[in-house]
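Below is one structure; the comments refer to it alone.
Quantities reported herein were computed from a predicted structural model and do not represent experimental measurements.
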Number of protein chains: 2
Amino acid sequence: MSSATKALTLLSYFSTARPEIGLSQLCRIAERDKATTYRQLQALESVGFIEQNPATKQYRLGPALMQLAQVREATVPRKDGAKTVLRTLADRTGETAHVTVLSGTTLYGLCECESPHHGTRAVIDINTFPLHATASGVCALAFGPSNLHAVALENLDEFTANTPTTEAKLSELIEAVRETGISHSDQCYEIEIQGIAAPIFDHTGHLAGAVAVACVASRFTPELAHTIKTELLIAARDITHNWGGTIPRPIEQSWAKSLTKVTEQETAS
Amino acid sequence: MSSATKALTLLSYFSTARPEIGLSQLCRIAERDKATTYRQLQALESVGFIEQNPATKQYRLGPALMQLAQVREATVPRKDGAKTVLRTLADRTGETAHVTVLSGTTLYGLCECESPHHGTRAVIDINTFPLHATASGVCALAFGPSNLHAVALENLDEFTANTPTTEAKLSELIEAVRETGISHSDQCYEIEIQGIAAPIFDHTGHLAGAVAVACVASRFTPELAHTIKTELLIAARDITHNWGGTIPRPIEQSWAKSLTKVTEQETAS
DNA sequence: AACAGAGGTTCAATATATGAACCAATAGGG
DNA sequence: CCCTATTGGTTCATATATTGAACCTCTGTT
């Protein structure tokens, strides 16, 4: 881990829940030395990545991030192309929808949209999604570059009793997703949360990310699952299109198959 | 300069004009060693600040910036509170409007809005504003913390023939701004561009940034200047309000005085 | 086939990061 | 009013991570 990486990592401790952090506090959270941390904060401040609240002496994220994010979005317009679709998805399903983007071997959260339909709802409060324990992650494993597999196996943390912590279990999940084109995580990351995800592709035909719905488990019924899957596929197509990509033929075929199957089950019951 | 700072500085070479940069190209632009630059890019990529376009192998800004910017805006909502005001300002003046924020001793560009009224228009393509050579910068010097002065004097680059490059000339400008509450830069940074700026304050009563209009010099008339000043003061009040601050009494008084003076001049001519 | 340019890698030299201990200032408690 | 426990910030010898010239490998051009 380079010193630059270590300094940058400090930024990840800031969140909407904890927007300002003091020096000592940050040292405790990050389990770092005070002198080092202080100097790293100075370095970050000098380039505008953080700034110090003059009143409290606490640190918070800085203005340079706004510019860079603007350039990023102008370069790779992901957020704009996802936001409206996400809102529709959240609205039609009544559950929290979110989009992740794959960069290298890491799956980053891009955008989240909660539905106002229910009082209780899932809140997505993670920055990087564990590949093995989330619907979006397994989706990436199923359709993303093959080197993701090794990365996933290196980190099989057990978040809940349902988390797949063995290669066998994970491969089984991945195989199922490859067949249906839709990923389903039954409380693998968080208890009480069911996740369903579909892949998004870029103009090169590679996996660009995933769109997912996080559903409170107690509300989860076969009917809702069907609605979510239907809407999810629409959203995945729309976002893929907005990002300038196209859904690969095999994926579209597996989607067609799995949706009719679901419908048959529905009508049978 | 710490190694982290050096790595972070690489990010500033990315812009909407040059969104993707290859390794060799970046080395030339930044005048850096290839091996070092490569490792720094790796470090930046590992934390999602940049990513490599798999097709071209070129680097571009990464997705982690989007999240951080989101947290920053949730923490210190600057952009939202400026955008609509800026649009109105650009619309009513017919010129390009922009907002800068002061962080430490650096003045960062936050947001820009061009007016569609004219074919030729000013484009704000800088990230950090020189304190001595821009209307916003002199505004910050006039009403910001006193330590800015020393920073400004350390860097009196001559951009045009009009740029104030001596302490005396700069002090003269600052004094004028302190009296009128409005800063005017007559082609100090870029030839053919007139800048007019007004200060913005935060809830602690300290200077938070500036709002400015960049006007193509050939269109600049006393009438337009008057319009710009009038609208600028409205914008400064609105943004200050949106950022939870208030305009200090003395500033409001100097504004009242300088606007009536301008009006007198207008009517006299 | 030879060449030029790209991205990426190696290793010794050395500049840079590190952290225990230390200061100064502030806030609360007895 | 002193004592203690915080805080943010600083110092300096030590040791570790950064550096860059030279090198490799691959790709497209002449």
Is any side-chain nitrogen or oxygen of B/Q52 closer than 4.0 Å to OP1 or OP2 of C/dG8? yes
Does B/Y38 put a side-chain nitrogen or oxygen below 4.0 Å from OP1 or OP2 of D/dT18? no
Using a cut-off of 4.0 Å on non-hydrogen atoms, how would the nucleic acid contact of B/Q40 be classed: base, sugar-phosphate, or nothing? sugar-phosphate
Residue closer to the 5' end of DNA chain C, B/Q42 versus B/R28 (nearest nucleotide): B/R28
Spacing of A/E31 atom CD relative to C/dT18 atom C1', expressed in whole Å: 17 Å
A/L41 CG to C/dT18 P, in whole Å, measures 12 Å
Side chain A/Y59, main chain A/L41, donor-acceptor under 3.5 Å: no
Checking contacts here: which listed nucleotide (D/dT10, C/dA17, C/dG7) is nearest the side-chain heavy atoms of B/S24? C/dG7
Please check the phosphate of D/dT18 (OP1 and OP2 only) for any side-chain N or O of A/S3 closer than 4.0 Å. yes
If I take atom CG in residue B/L23 and atom C1' in nucleotide C/dT9, what distance separates them, rounded to the nearest angstrom? 12 Å
Only one of B/T165, B/V138, B/T166, B/L156 clears side chain to side chain contact (heavy atoms under 4.5 Å, CB included) with B/H132; which? B/L156
For A/K6 and A/Q58, take the nucleotide of DNA chain D holding the closest heavy atom to each; which residue's nucleotide lies nearer the 5' end? A/Q58
Quick one: is A/T36 getting a side-chain N or O under 4.0 Å of the C/dA17 phosphate, OP1 or OP2? no
Distance-only donor-acceptor test (3.5 Å): side chain A/R39, base D/dG9: no
Return the value, rounded to whole Å, for the distance between atom CG of A/L26 and atom P of D/dT7. 12 Å
Roughly, in whole Å, what's the span from CD in B/Q25 to P in C/dG7? 8 Å
Do A/L102 and A/F143 have side-chain heavy atoms sitting under 4.5 Å apart? no
Which whole-number value in Å describes the distance from B/Y59 OH to C/dA6 P? 13 Å
When you compare the side chains of A/Q25 and A/R18, does any donor N or O come within less than 3.5 Å of an acceptor on the partner? no
Between C/dT9 (C1') and B/D33 (CG): distance, integer Å: 12 Å
Rounding to an integer number of Å, can you tell me how far A/I21 CD1 sits from D/dT7 C1'? 16 Å
Look at B/R249 together with B/E252 and state whether they make a salt bridge at an N to O cut-off of under 4.0 Å. no
Distance criterion of 3.5 Å, no angle test: do you see the side chain of B/K34 paired donor-to-acceptor with the base of D/dG20? no
